[in-house]
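Chain A is the first sequence line, chain B the second, and so forth, proteins listed ahead of strands; every chain is numbered from 1.
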There are 2 protein chains.
Amino acid sequence: MPKQASITIDKRIAELLKRNSLSITDSRKKILQLFLEQTGALAHGDIEKRAGEKFDRVTVYRTLQTFVDKGIVHTIPTADNSIRYALCKDECSEGHHHDHHVHFVCSTCNNTYCLDDVVTPEIKLPKGYSAEQVEVVVEGTCKNCNR
Amino acid sequence: MPKQASITIDKRIAELLKRNSLSITDSRKKILQLFLEQTGALAHGDIEKRAGEKFDRVTVYRTLQTFVDKGIVHTIPTADNSIRYALCKDECSEGHHHDHHVHFVCSTCNNTYCLDDVVTPEIKLPKGYSAEQVEVVVEGTCKNCNR
DNA sequence: TTTCTTTTGCAACTATGTTGCTTTTTTATA
DNA sequence: TATAAAAAAGCAACATAGTTGCAAAAGAAA
């Protein structure tokens, strides 16, 4: 990786953390880097592994929780009961996620993607029910695996 | 409960198990009864509690897994990472779930419902992606809690 | 009833997630 | 840039969730 690029990413990360009044620490930098380096979503386990056993499990849990609280990442529910995390777009703010896109789980490569351009549809509910949030998870084959 | 009604339910349960070539056992009967007795979905923990500590944890896990495999119940992913189970409608068969309805989680009473009459919408995916299944979970306030 | 098959319960284990507390790191400020 | 206050990390211990192998028990079939 060229030095220039990593400086840029470092700056981006530092700004992101400052904007959310979070201390700039190794674990937070590393975990954010993992998210920036890749397109898909990450499960807690992925992060633990990819961080190279450098951080305590508890630190990873707490860091992810902090990121969710601050609106930096959002969670994606999946059928296999393993929460995945993905970076939020800019519209998310503390305590208020605007996560109106569809999520896609590839059954071949098992990656999870945010389809940021696919908005969740309106759901017409029966009388008496009112919706606060709509989660759509599509399972299928992704771009790469379909080739 | 009138005796007549419970005989009917017992018969229904026995038939359901036979149809799926499953032995008729206490735990299976009891767990199916829990599902039939209530409108919402059940999490593993709910079942363990409501079965009155009569069965081993392992038995409950295995029973639920068997029911999922046979297409008797289906799972509902939720944002809090706790899989919930609900009875399938008749169209489901072994190894092949036809679970095209929307699920609703009430943020007040925390119950999960199958909205059998609300079908999942078509999702237009970006080029290269193909869908096998679409899961829609709506969070909001249910009929009872909105009153 | 007896035999064969299926299911259960138990024990032990792995994985996942949480909490309290101490030490270390970061930040703000002098 | 040294230092005090605040925040975060690490550790230990615990709690919950889920899995596996195996022997005992229950169900099905004859």
Answer with yes or no after comparing the ring centroid distance for B:Phe104 and A:Tyr129 against a 6.0 Å cut-off, counting only values under it. yes

Hey, which sits more toward the 5' end of DNA chain D by its nearest nucleotide, B:Asp26 or B:Glu48? B:Glu48

Could you tell me the separation between the CZ atom of A:Arg62 and the C1' atom of C:dT25, rounded to a whole number of Å? 14 Å

Length of the line joining A:Arg84:CZ and C:dT16:C1', which is rounded to integer Å: 15 Å

Round to a whole Å and report the spacing from CG of B:Asp56 to C1' of D:dC22. 14 Å

With a 4.0 Å cutoff (strictly under), does any side-chain N or O of B:Ser23 reach OP1 or OP2 of C:dT5? no

Can you check whether A:Val102's main-chain N or O pairs, donor with acceptor, with A:Thr120's side chain at less than 3.5 Å? no

Separation of D:dA7 C1' from A:Asn20 CG (nearest whole Å): 15 Å

Calculate the interatomic distance between B:Gln65 atom CD and D:dT20 atom C1'; express it in whole Å. 14 Å

Distance in angstrom units between B:Leu17 CG and C:dT6 C1', rounded: 13 Å

OP1 or OP2 of C:dG9 less than 4.0 angstrom from a side-chain nitrogen or oxygen of B:Thr59, does that happen here? yes

Could you check B:Tyr61 against A:Arg28 and say which one's nearest nucleotide on DNA chain D is further toward the 5' end? A:Arg28

Would you confirm whether B:Asn111, through its side chain, and B:Cys106, through its main-chain N or O, come within 3.5 Å as a donor-acceptor pair? no

With a 3.5 Å distance limit and no angle check, can you tell me whether B:Asn20 reaches the backbone of B:Leu22 through a side-chain donor-acceptor pair? no

Pick base, sugar-phosphate or nothing for A:Ser27, based on heavy-atom distances below 4.0 Å to the nucleic acid. sugar-phosphate

Ignoring hydrogens and angles, are the base of C:dG9 and the side chain of B:Arg57 linked by a donor-acceptor pair under 3.5 Å? no

Starting from P on C:dT24, measure out to CZ on A:Phe55 and report it in whole angstrom. 17 Å

What is the distance from NZ of A:Lys54 to C1' of C:dT25, rounded to the nearest Å? 13 Å

Taking every non-hydrogen atom, the tightest pair across B:His74 and B:Leu87: CE1-O, 3.4 Å

